[in-house]
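This one's a predicted model, so the numbers in the text were calculated from it and none came from an experiment.
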Amino acid sequence: MSEIRFQNTLTGRVEPFVPMRPGEVRIYTCGPTVYDYAHIGNFRTFVFQDVLRRFLEMEGLRVEQVMNLTDVDDRIIQNAAAAGIGIREYTEKYVKAFLEDMGALGMERPEKIVRATDHIEQMVELVERLAAKTFTYTSDGSIYYRIAKFPAYGRLSKIDLSGIQAGARVEVDRYEKADARDFALWKAPKPGEHFWETRIGPGRPGWHLECSAMSMHYLGETLDIHTGGIDLAFPHHENEIAQSEGATGKPFVRYWLHAEHLLVDGEKMSKSLGNFYTLRDLFSKGHKPSSIRYLLASVPYRRQLNFTMEGLQQAASSVERLRNFVARLAAEKFLPGETPAMADRAARAISQFESGLGDDLNTAQALAAVFDLVRDANTAMDRGEFRAGDAAPVLGALARFDRIFAVLEDQDAAKLRALGYGGAGAELADGDVERMIAERQAARARRDFTASDHVRQELLERGIILEDMRDGTVRWKRK
């Protein structure tokens with residue numbers, strides 16, 4: 001394993017990453033609160049988490065990742081009550097949509113995706129452990145965490161606790177950034193609300209309690225890495241630390257990694273501003289899953305990402321350039337032999353790519369290494385200096401790239417059709433047509449006529465008519 005360094009929010013420093021157990025890394029990632037469709041700001045963080053796990057796997061580590069689905073909180077209860085249905089029925093639609101969206105973006109499934117409502121017993125046990133150590137008190141049927149009992153509170157978010165009134169409480173799950181007060185672990189039921197009958201009384205868990213209970217249940221009392229958006233550092237992650245360490249007396253998380261905010265056209269995303277997008281909003285506008293994934297992954301996770309439609313088009317062009325390069329490698333006839341210089345160039349690109357990712361997941365540096373290789377290889381081809389044996393090391397470097405970015409294989413049309421977007425008649429961009437023709441030519445060159453006919457038929461179904469010329473070139477037109 002090469003050197004890996006991460007910016008640890010807890011210490012405020014870039015630190016070498018050393019797993020607690022050699023060869024193994026345990027990660028907890030905050031998943032969505034399934035009260036609605038996840039938006040592109042959510043997916044900026046989820047794609048970062050996917051890049052993280054893919055990189056660790058590429059470095060030879062066995063990853064055990066747990067992602068939660070928060071399927072009970074204030075908003076879910078209110079929305080379910082307004083709809084006149086149970087919370088499980090209400091959230092099921094959004095859980096299904098989130099998992100489909102993950103698949104569309106090519107995200108690897110964590111080893112476990114867990115629901116809060118399936119772990120009430122673990123939450124009750126955690127409250128009991130905290131109560132036994134006098135970290136809790138009861139008021140009006142709700143159980144609160146006593147912040148004054150935990151002197152390290154605020155260490156993660158660097159929040160100033162001076163002037164906080166002892167015993168002041170906050171009841172809601174989400175509150176203002178400066179509102180550091182005792183928080184509810186277990187909430188007494190309100191009229192008409194869903195609740196559980198438990199040993200600690202009737203009620204439901206507070207949002208913060210859920211993640212502490214589930215992460216420690218599956219990954220142990222000390223985790224290697226905990227990730228999420230920077231907006232979760234306070235109060236959510238701060239409260240997780242207080243709950244977990246209060247109960248166990250052990251460090252809860254060794255490395256905290258937080259993704260910065262996503263802006264849209266330089267502004268905070270907001271429905272009132274008309275710049276709020278779910279993944280499905282973008283699909284309905286004709287944007288490809290690969291373009292969205294590429295854009296979300298291209299900016300290092302600790303830098304703000306300014307999402308624009310122009311940037312999304314540029315991402316689509318970048319993906320197309322890479323796919324066209326792969327098609328060119330497959331279709332062109334090169335002189336036999338190999339050039340040591342190109343093998344060295346590919347090896348250097350891999351080294352630079354992995355070095356960039358090892359430097360706190362600097363995806364911009366990693367991408368630059370790959371595109372520099374593509375430029376140099378294209379130049380060698382144009383000059384007639386590229387040999388048949390050079391393709392293997394270059395393709396090896398691209399395969400390394402795609403283990404992380406997952407955009408080279410064109411599955412966009414199939415993914416969109418599976419979600420009910422596009423379809424057989426959806427119009428292809430000119431670049432996509434040219435790339436598919438190159439794939440067909442490559443299939444014909446290796447006498448794989450089944451694959452060649454398949455591409456021709458798919459193009460025909462998408463409204464593209466091919467005409468094979470006597471000189472071996474192909475003309476095409478739209479119906």
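- Side-chain contact check for Phe17 versus Ile225: some heavy-atom pair is nearer than 4.5 Å.
- Residues Tyr90 and His194 bring no donor and acceptor atom of their side chains to less than 3.5 Å of each other.
- Looking at Glu240 and His226, their side chains do bring a donor and an acceptor atom within 3.5 Å of each other.
- Within the 4.5 Å cutoff, side-chain heavy atoms of Met58 are placed close to those of Arg400.
- A donor-acceptor pair under 3.5 Å is formed between the side chain of Glu111 and the backbone N or O of Gln65.
- In this structure, Asp118 pairs ionically with Arg88, as a charged nitrogen and a carboxylate oxygen lie closer than 4.0 Å.
- For the pair Asp412 (side chain) and Ser290 (backbone), a donor-acceptor distance under 3.5 Å is present.
- Using a 4.5 Å heavy-atom cutoff, the side chains of His237 and Ile241 are not in contact.
- Between the Asn68 side chain and the Gly31 main chain, a donor and an acceptor come within less than 3.5 Å of each other.
- Across all their heavy atoms, Tyr144 and Asp182 have their closest contact at CD2-O, 4.2 Å.
- The minimum heavy-atom distance between Leu10 and Lys158, with the atom names listed, is O-NZ, 3.3 Å.
- Distance check: Leu262 CG to Lys268 NZ gives 12.0 Å after rounding to the nearest 0.5 Å.
- Salt bridge absent: Arg348 and Asp372 never bring a charged side-chain N and a carboxylate O closer than 4.0 Å.
- For Lys133, the NZ atom is densely surrounded, since the number of other residues' heavy atoms within 6.0 Å is greater than 12.
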Run the numbers on Thr278 and Phe283 for side chain to side chain contact (heavy atoms under 4.5 Å, CB included), then give the verdict.
CA-CA 9 Å; Thr278 67; Phe283 292 159; over 6 Å; no
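- Within the 3.5 Å criterion, the main-chain N or O of Ile27 finds no donor-acceptor partner in the side chain of Asp224.
- Proximity of Phe325 to Leu398: side-chain heavy atoms (C-beta onward) are separated by under 4.5 Å at one or more points.
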Using side chain to side chain contact (heavy atoms under 4.5 Å, CB included), reason through Asp73 and Ile76 one step at a time and then give a plain yes or no.
CA-CA 5 Å; Asp73 85 334; Ile76 289 170; 3.4 Å; yes
Checking Asn239 against Trp207 for the side chain to side chain contact (heavy atoms under 4.5 Å, CB included) test, could you report, in this order, the C-alpha distance in whole Å, the side-chain angles of both residues, the deciding distance, and whether it holds?
CA-CA 10 Å; Asn239 291 352; Trp207 172 37; over 6 Å; no
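- When all heavy atoms of Arg26 and Gly220 are compared, the closest pair comes out as NH1-CA, 4.2 Å.
- The SG atom of Cys30 sits 9.5 Å away from atom CG of Asp231, with the distance rounded to the nearest 0.5 Å.
- No side-chain N or O of Thr248 forms a donor-acceptor pair with one of Glu221 less than 3.5 Å apart.
- Put simply, CD1 on Ile200 and CH2 on Trp186 are 5.0 Å apart, with the number rounded to the nearest 0.5 Å.
- Although no hydrogens or angles enter the test, the distance criterion places no donor-acceptor pair under 3.5 Å between the side chain of Thr138 and the main chain of Gly141.
- Between Leu322 and Phe405, every side-chain heavy-atom pair lies at or beyond the 4.5 Å cut-off.
- Under the 4.0 Å criterion applied to side-chain N and carboxylate O atoms, Asp402 and Arg54 are not assigned as salt-bridge partners.
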Let's go through Ser212 and Ser244 carefully: what are the C-alpha distance in whole Å and the side-chain angles of both, what is the deciding distance for side chain to side chain donor-acceptor pair (under 3.5 Å) to 0.1 Å, and is it a yes or a no?
CA-CA 6 Å; Ser212 286; Ser244 304; 3.0 Å; yes
For Asp360 and Arg5: C-alpha separation, side-chain torsions, deciding distance, then whether salt bridge (Lys or Arg N to Asp or Glu O under 4.0 Å) applies.
CA-CA 5 Å; Asp360 197 26; Arg5 299 183 302 149; over 6 Å; no
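- Gly228 approaches Leu232 most closely through the heavy-atom pair CA-CD1, 4.4 Å.
- Although no hydrogens or angles enter the test, the distance criterion places no donor-acceptor pair under 3.5 Å between the side chain of Gln122 and the main chain of Ala213.
- The backbone N or O of Pro251 lies less than 3.5 Å from a partner atom in the side chain of Thr222, making a donor-acceptor pair.
- For the pair Ile77 and Arg204, the minimum side-chain heavy-atom distance is below 4.5 Å.
- For the pair Tyr421 (side chain) and His287 (backbone), a donor-acceptor distance under 3.5 Å is absent.
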Determine all donor-acceptor pairs shorter than 3.5 Å in which one atom belongs to a side chain in residues 34-46; sequence neighbours excluded.
from	atom 1	to	atom 2	distance (Å)
Tyr35	OH	Arg75	NH1	3.3
His39	ND1	Gly41	N	3.0
His39	ND1	Asn42	N	3.1
His39	NE2	Asn42	OD1	3.4
His39	NE2	Asn42	ND2	3.4
Asn42	OD1	His39	N	2.9
Arg44	NH1	Glu260	O	3.2
Arg44	NH1	Arg303	O	2.9
Arg44	NH2	Val299	O	3.1
Arg44	NH2	Pro300	O	2.9
Arg44	NH2	Arg303	O	2.9

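- When all heavy atoms of Thr363 and Ser298 are compared, the pair lying nearest together is OG1-O, 3.3 Å.
- For the pair Glu64 and Arg21, the salt-bridge criterion is not met [side-chain N within less than 4.0 Å of a carboxylate O].
- Between atom CG of residue Asp71 and atom OG1 of residue Thr117 there is a gap of 3.5 Å, rounded to the nearest 0.5 Å.
- Ring orientation note: the planes of His119 and Tyr218 are nearly perpendicular, at an angle over 60° on the 30°/60° scale.
- In this structure, Gln7 contributes its side chain and Gly12 its backbone to a donor-acceptor pair below 3.5 Å.
- Using a 4.5 Å cut-off on side-chain heavy atoms (C-beta onward), Lys149 and Tyr137 make no contact.
- Expressed to the nearest 0.5 Å, how far CZ of Phe135 lies from CG of Leu126 amounts to 11.0 Å.
- The shortest heavy-atom contact between Ser270 and Asn275 is N-OD1, 2.7 Å.
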Determine all donor-acceptor pairs shorter than 3.5 Å in which one atom belongs to a side chain in residues 95-103; sequence neighbours excluded.
from	atom 1	to	atom 2	distance (Å)
Lys96	NZ	Glu100	OE2	2.6
Glu100	OE1	Arg280	NH2	2.8
Asp101	OD1	Arg280	NE	3.0
Asp101	OD1	Arg280	NH2	3.2

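- Put simply, the side chain of Arg293 never gets that close to the backbone of Val47: no donor and acceptor are under 3.5 Å apart.
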Side chain to side chain contact (heavy atoms under 4.5 Å, CB included) evaluation trace for Lys187 with Glu193
CA-CA 11 Å; Lys187 299 186 176 187; Glu193 277 192 355; over 6 Å; no
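- The CZ atom of Phe252 lies 8.0 Å from the SG atom of Cys211; values are rounded to the nearest 0.5 Å.
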Donor-acceptor pairs under 3.5 angstrom involving side-chain atoms of residues 306-318: please list them, not counting sequence neighbours.
from	atom 1	to	atom 2	distance (Å)
Asn306	OD1	Asp265	N	3.2
Asn306	OD1	Gly266	N	2.6
Thr308	OG1	Gly311	N	2.8
Ser317	OG	Gln313	O	3.2
Ser318	OG	Gln314	O	3.1

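- The pair Arg403-Glu57 fails the salt-bridge criterion, with no side-chain N (NZ, NE, NH1 or NH2) lying under 4.0 Å from an Asp/Glu carboxylate O.
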